Each structure stands twice: as structure tokens, then as C-alpha cells.
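The block underneath contains the structure these notes are about, expressed in C-alpha cells.
Remember, it's a predicted structure, so these values are computed and weren't measured experimentally.
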Amino acid sequence: MKAENKIEGIKFLAPNGTFEAEVTKEYYPDGTLEFIGEFIIDSDRWFTTTTRIGEHKHFHKNGQLELVEKFRKNGRRIGNVEGFYENGETAFIENYKTVRDEESASQHGEWISYSRQGDIDQRMKYKNGEYIDKNILG
């Protein structure tokens, strides 16, 4: 029989009672942390929506950090997204920018990917979601 992933959540109600925020933790079947992140949960009579907020972290099965990403109160991605190999070395760095709160985040700035040996493989540049330049090094 296959072991199930465990999920636990801690809920917080806003002072005005309009929404809940929940910190969610997910675990691999062996009990190792797989994910931790915060969500706003907004429910009404007909449906429930969840919005990612704050910092979200994903982990490899060996416990090493795999991915870190950040979200605004409206669920839009902001800032750097960093990815890591199983050995803890940086795999990539992506940058996002949101100009207006109602807009989706767009690719902005330099995106860098690294080899498993730590060398820069590729650099790409974006400006407000528009691709500008690519430099393949590896």
C-alpha cells in the first residue's frame, strides 16, 4: 500500500472576519517537509477561492530547499524565484515585476540558469515581460 502525503494547515481569521489566511505544510510520505506556504481563503455561499501570499518554499525529498517564490496580497508573483539542485546549489534565478496590483507579474531583469557544477549556463534578459537578449555560456 502506497503511503499518502500528509497535509496540515493553520488557519487565521482576519479581524474584520472577511477572509482566512492559512499556512499550509505538506509532507512526503516519509515525513520530510515538501512544501510550506500561506494562502488567503475566501469563501462565500457558492465557492471558495485560495490566493497564494507571502513566501512559498518547496523542498526536495532529501530535505534540501528546491524552490522559493514570493507573492503579493493579491496572489501576484513578485521579486526573485530561486531554484536549487538536490545538493543545495543554485539551479536558477528568475525575476518578476508587477507594475499595477491588478496585473499579472511579468518577467523582468536578468534570468540566470546554472549547471550542477555551479557555472552559469545561460543568461536571459527581460524588460516588463518582453524578451531582450539571450547569452548561452555552457
Is the shortest side-chain heavy-atom distance between Glu34 and Tyr27 below 4.5 Å?
no
Correct closest heavy-atom pair for Glu26 and Leu33 would be O-CD1, 3.5 Å
Hey, could you give me the OG/CZ distance between Ser113 and Arg123, rounded to the nearest 0.5 Å?
10.0 Å
What's the verdict on side-chain contact (heavy atoms from CB on, under 4.5 Å) for Arg52 and Arg77, showing C-alpha distance, side-chain angles and the deciding distance?
CA-CA 9 Å; Arg52 303 176 291 187; Arg77 180 176 278 129; 4.3 Å; yes
Test item: Glu86 and Arg116 side chains (from C-beta on) under 4.5 Å apart, heavy atoms:
yes
Looking only at heavy atoms, the pair that brings Tyr114 and Thr90 closest together is CB-O, 3.3 Å
Please test Thr32 against Lys61 for side-chain contact (heavy atoms from CB on, under 4.5 Å), starting from the C-alpha separation and ending with a verdict.
CA-CA 7 Å; Thr32 304; Lys61 286 185 176 184; over 6 Å; no
Starting from Phe92, can I reach Ile120 by hopping between I/L/V/M/F/W/Y residues whose side chains sit under 4.5 Å apart?
no
Does one side chain, of His58 or Glu69, offer a donor that lies under 3.5 Å from an acceptor on the other?
yes
Shortest non-hydrogen contact from Asn95 toward His108:
CB-O, 2.8 Å
To the nearest 0.5 Å, what is the distance between CD on Glu110 and OH on Tyr126?
11.5 Å
pair Asn128-Lys97: side-chain heavy atoms closer than 4.5 Å
yes
Heavy-atom check, side chain of Glu82 versus side chain of Glu94, under 4.5 Å:
no
Identify the heavy atoms of Phe59 and Glu66 that sit nearest to each other, and give their distance.
O-OE1, 3.7 Å
Can you list the steps and then say if His60 with Tyr28 is a ring pair (Phe, Tyr, Trp, His ring centres under 6.0 Å)?
CA-CA 9 Å; His60 291 286; Tyr28 289 107; 9.0 Å; no
Considering all heavy atoms, the nearest Phe84-Leu67 contact:
CD1-N, 4.4 Å
Same cluster for Val23 and Phe35 if Ile/Leu/Val/Met/Phe/Trp/Tyr side chains link at under 4.5 Å?
no
Do Ile53 and Arg72 have side chains that get closer than 4.5 Å, going by heavy atoms?
no
Residues at least two apart in sequence or cross-chain that pass ring-ring contact (aromatic ring centres under 6.0 Å, His included) with Tyr96, listed by chain then number, are Trp111
Salt bridge (Lys or Arg N to Asp or Glu O under 4.0 Å) filter on Glu89, not counting sequence neighbours, yields none
Output yes when a side-chain donor or acceptor of His56 lies under 3.5 Å from a complementary backbone atom of Glu38, and no otherwise.
yes
Members sharing Tyr85's hydrophobic cluster (side chains within less than 4.5 Å):
none
Rounded to the nearest 0.5 Å, what's the gap from CD1 on Ile112 to CG on Asn80? Could you check?
9.5 Å
Using the rule that Ile, Leu, Val, Met, Phe, Trp and Tyr join whenever any side-chain heavy atoms are under 4.5 Å apart, tell me whether Tyr131 and Val81 fall into a single cluster.
yes
Under the side-chain contact (heavy atoms from CB on, under 4.5 Å) criterion, do Thr24 and Phe39 qualify, and how do the steps go?
CA-CA 8 Å; Thr24 299; Phe39 297 86; 3.7 Å; yes
Closest heavy-atom pair and its distance - Thr51, Lys73:
CG2-O, 4.0 Å
